[in-house]
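For reference, the structure discussed in these notes is given below.
All values below come from the heavy atoms of this structure, side chains included, with hydrogens, waters and symmetry mates left out.
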Amino acid sequence: MRRIVFALTLLLAVAFVLGGVLTAASDPPGIKWVAAKKVAGFDGADIYAAYCQACHGPRGRGNGPAAKHLSVPVPDLCTFAERDGDFNPVHVRFHITDRHQHVLMPDWDEILLYNYGQRRGYVDLAAFNLVRHLEKLQVVHASR
């Protein structure tokens, strides 16, 4: 029962948040609404593909298929190091899991808790691996 309530709450929250930022177009938006899929393991690339790629794109550039339907630009995740002077894993983790930081992003901490059966240690491992994956995506200024 708790899972059903959480899944419905999550679905409504995502619909509400994204519904508020979708561009007003005469054609229906090209976003297909689906429930968040569970990720079987802890691989950062798999977690990114399941939860981040739709908006941020396969390389983290902010050009995923859902990005063009949002009224605000999706951040480029490849430039954390460039913008901050260095890649700070704690800072990046905070951006991902602090729901008060990003009004437009779903509550990934809650989604990861649901994915890993409310096991905080598993969530921490998954978030750590996701951050390490984002670190691999960082670019240097000359290649932009």
Please check if the side chain of Asn115 supplies one atom and the backbone of Val39 the other of a donor-acceptor pair under 3.5 Å. yes

d(Ile96 CD1, Tyr48 OH) to nearest 0.5 Å is 10.0 Å

Gap separating the CD1 atom of Ile47 from the CD1 atom of Ile111, nearest 0.5 angstrom: 12.5 Å

Would Arg120 and Leu112 count as a side-chain contact (heavy atoms from CB on, under 4.5 Å) if you check the C-alpha gap in whole Å, the side-chain angles of each, and the deciding distance to 0.1 Å? CA-CA 9 Å; Arg120 175 53 61 188; Leu112 290 173; over 6 Å; no

Under 3.5 Å donor-acceptor, Asp76 side chain and Cys78 backbone: yes

May I ask you to check whether Phe42 and Tyr116 place their ring centres under 6.0 Å from each other? yes

Without swapping roles, check the side chain of Asp84 against the backbone of Asp86 for a donor-acceptor pair under 3.5 Å. no

With the side chain counted from C-beta on, respond yes when Asn63 and Val74 share a heavy-atom pair under 4.5 Å apart, and no when they do not. no

Determine yes or no for a side-chain-to-main-chain donor-acceptor pair under 3.5 angstrom, with Gln138 supplying the side chain and Leu77 the backbone. yes

Do you know which two heavy atoms are closest between Cys55 and Ala66, and how far apart they sit? SG-CB, 4.1 Å

Compare all side-chain heavy atoms of Asn129 with those of Asp46 and state whether any distance is below 4.5 angstrom. no

Between Asp124 and Arg93, does any NZ, NE, NH1 or NH2 come within less than 4.0 Å of an OD or OE carboxylate oxygen? yes

Should His56 and Pro75 count as side-chain neighbours, where that means a heavy-atom distance under 4.5 Å? yes

Hey, are the side chains of Lys37 and Tyr51 touching, using non-hydrogen atoms and a 4.5 Å cut-off? no

Does some side-chain heavy atom of Pro65 sit less than 4.5 Å from a side-chain heavy atom of Gln53? no

Val131 versus Phe87: any side-chain heavy-atom pair under 4.5 Å? yes

Begin from the C-alpha positions of Leu125 and Arg119 and carry the test side-chain contact (heavy atoms from CB on, under 4.5 Å) through to its verdict. CA-CA 10 Å; Leu125 177 59; Arg119 295 182 189 106; over 6 Å; no

Report yes if some heavy atom in the side chain of Leu130 is under 4.5 Å from a heavy atom in the side chain of Cys52; otherwise report no. yes

